[in-house]
Protein chains: 2
Amino acid sequence: MPIIVALDAMGGDHGPKVVVPAALAALALYPQLSIILVGDDAIIRSFLRRKTYDPKRLSIHPSTQVVAMDEAPAQALRTKKDSSMRVMLNLVKQGQAHACVSAGNTGALLATARFVLKTLAGVDRPALIGLMPTIVDRKTMVRVLDLGANIESTPEHLFQFAVMGHIVASAIDGVKNPRIALLNIGEEEIKGNETIKKAAALFLKQKAFNYIGFIEANDLYMGKADVIVCDGFIGNIALKSSEGTAKMIMQFFKQTFSSSWLLRLALPLLLPSLSKIKKYFDPARYNGASFLGLNGIVIKSHGNADLKAFKTAIAQALLQAEQAVPQQIASQVESILTQMHQPKSLLEN
Amino acid sequence: MPIIVALDAMGGDHGPKVVVPAALAALALYPQLSIILVGDDAIIRSFLRRKTYDPKRLSIHPSTQVVAMDEAPAQALRTKKDSSMRVMLNLVKQGQAHACVSAGNTGALLATARFVLKTLAGVDRPALIGLMPTIVDRKTMVRVLDLGANIESTPEHLFQFAVMGHIVASAIDGVKNPRIALLNIGEEEIKGNETIKKAAALFLKQKAFNYIGFIEANDLYMGKADVIVCDGFIGNIALKSSEGTAKMIMQFFKQTFSSSWLLRLALPLLLPSLSKIKKYFDPARYNGASFLGLNGIVIKSHGNADLKAFKTAIAQALLQAEQAVPQQIASQVESILTQMHQPKSLLEN
């Protein structure tokens with residue numbers, strides 16, 4: 001059975017200039033994939049001109065509006081009912097696509113996805129989950145959620161995030177019995193705020209996933225856990241602090257290289273090693289954060305993703321559709337809720 | 001007038017092995033400095049043996065207990081009344097020292113310092129302030145507070161942190177009219193939780209410091225602000241995420257270098273540039289976070305600081321004593337409170 005992925009062709013910093021060639025590259029790579037490009041028909045056609053593709057596997061679904069990258073989510077929701085983003089989500093809702101990918105405005109994508117697709121039964125809040133490198137080796141990665149879908153979370157929300165992270169790490173990343181940790185400001189049990197302490201108490205009482213305790217932010221990339229759970233504010237700060245640090249270090253290496261004639265001279269010899277390093281941190285390898293907990297698969301590509309990075313996000317959509325991630329989350333959450341009665345009552349025991 | 005700095009000779013991962021030689025090095029460097037070493041008399045003496053120093057500028061104040069690095073702060077406060085840490089703080093309290101430095105247990109240091117020294121009038125909570133590198137150049141740094149003295153903060157606490165950060169950036173770092181930003185998950189005014197929005201409203205209403213708006217965590221090290229204010233949980237996550245990222249990147253560079261015979265061969269040629277990079281990120285340059293808002297100067301050295309890093313922390317103590325930072329904070333906070341009546345009432349206007 002073909003897997004149909006709808007793409008927001010107008011979203012992101014580059015729009016169809018990146019999305020259309022990425023779609024063609026993904027079609028060439030995955031024979032089971034079909035793609036619907038959503039957006040301005042004429043513009044999309046102009047990017048398809050003189051390209052060869054199978055029209056049975058690639059179609060255009062026209063839409064007339066575009067959500068701006070800096071538009072307020074509530075306004076996009078109210079006034080952009082024919083945006084490429086909204087129409088793409090409608091295709092998932094109506095069962096015409098199995099999954100969708102947008103590089104557009106994150107807040108608008110979340111608000112619109114929640115409105116159009118609704119959350120799964122038993123899930124109160126969707127969460128944004130990302131994939132990050134670790135120090136262990138090139139293949140060992142770590143899942144972190146929530147990266148910013150919510151500003152504040154209750155212990156029950158964090159519990160649901162853990163269940164969803166468990167499913168993604170198992171089904172998508174192929175990790176057996178993934179180790180799940182709570183991000184905290186100390187490893188000791190006495191540390192942290194009330195929400196985190198209560199979440200830890202909930203995590204300890206269940207058997208649905210492998211909870212290994214608190215983890216500190218300096219251990220995010222040490223490979224000590226497979227899934228790290230935190231609220232969206234903290235997740236956003238952790239992710240962006242890491243990005244800022246990486247940028248500063250890389251910039252400093254560049255400056256050092258360009259200011260030393262010796263290094264400039266040696267550059268051709270160093271290139272293979274440097275490209276290996278670059279590859280390791282290549283955002284293309286990590287692109288495709290996803291919103292979990294919705295009645296449908298929604299992948300969020302980086303706004304400035306290039307062809308290769310956007311292709312990675314499409315692959316992520318394909319994998320989640322093949323693994324039926326939302327269905328797995330729904331059934332797992334249901335079975336845990338039944339097994340535990342109501343998570344809320346646990347807090348009172 | 002000599003400046004007297006008391007040192008917790010037993011604190012940190014290395015204790016007197018690092019503290020005593022760092023004290024001697026600092027005495028050689030700063031003629032206006034005198035030092036009191038607090039801790040086990042016999043052990044300290046053994047590290048002073050065969051060293052030359054001026055006994056008028058270096059004395060030992062004996063104490064019999066040591067706070068363990070993993071001891072619960074409340075327990076240290078209750079049971080370690082003769083610890084090197086506690087006695088050091090008493091010396092500041094009694095006016096026998098102008099400032100103090102400890103590489104010991106951070107939580108215990110904070111709890112004991114609050115208990116012994118009390119907070120300044122007009123300051124509700126002490127905050128931990130750090131100094132970090134920026135992408136701009138080797139000299140441009142950024143102050144971030146709170147790095148973990150508090151788990152949760154009200155808008156008024158964040159306001160007080162901003163005032164204290166303003167004073168440190170002006171008086172210690174020599175920044176004129178320092179740009180003060182609030183760490184948030186977006187730059188737009190609508191972003192963030194209620195605490196941050198209310199803090200922003202408070203910041204906008206005053207003229208005591210130069211508030212420039214929200215900053216995102218990926219801009220922490222971009223040199224866009226001189227002081228970045230956040231609550232202690234967020235600050236801890238930002239700092240430790242950065243440390244974790246830097247560690248991962250450096251580790252990967254090391255692996256790449258050691259796995260390539262070409263790079264190993266070229267290493268002697270590359271060393272000057274590499275050591276420049278290492279120097280840039282040398283923790284010794286940034287060591288000496290300080291607790292602000294107390295009736296006394298308390299510098300927190302990294303637990304694993306080496307001689308050079310501990311000397312940097314002593315220099316930080318000396319500078320803060322010379323600039324009378326607590327007195328400046330007290331008078332500035334008082335004048336702002338008078339000027340603004342009560343910050344709390346601002347929220348209601």
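Proteins get letters first, then strands, A, B, ... in listed order; numbering begins at 1 in each.
Interface remark: Leu147(A) contributes no atoms to any contact with chain B (heavy atom separation under 4.5 Å). Heavy-atom distances place both the backbone and the side chain of Ile234(B) under 4.5 Å from chain A.
Options Thr245(A), Asn193(A), Leu183(A) differ in how many heavy-atom pairs under 4.5 Å they form with chain B, and the most are formed by Thr245(A). Options Ser242(A), Ala217(A), Gly244(A) differ in how many heavy-atom pairs under 4.5 Å they form with chain B, and the most are formed by Ala217(A). Of all the listed residues (Lys240(B), Lys247(B), Glu243(B)), the one sharing the greatest number of non-hydrogen pairs under 4.5 Å with chain A is Lys240(B).
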TODO: Output, in order, the C-alpha distance, side-chain angles, deciding distance and verdict of side chain to side chain contact (heavy atoms under 4.5 Å, CB included) for Glu152(B) and Glu194(A).
DONE: CA-CA 10 Å; Glu152(B) 271 159 321; Glu194(A) 281 314 300; 6.0 Å; no
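A distance of 7.5 Å separates CG of Asp231(B) from CZ of Phe233(A), quoted to the nearest 0.5 Å. For the atom pair CD1 of Ile135(A) and CE of Met250(B), the computed distance is 11.5 Å after rounding to the nearest 0.5 Å. A distance of 8.0 Å separates CG in Asn218(B) from CG in Asn236(A), rounded to the nearest 0.5 Å.
For Asn184(A) against Ile237(B), the heavy-atom pair with the smallest separation is O-CD1, 4.2 Å.
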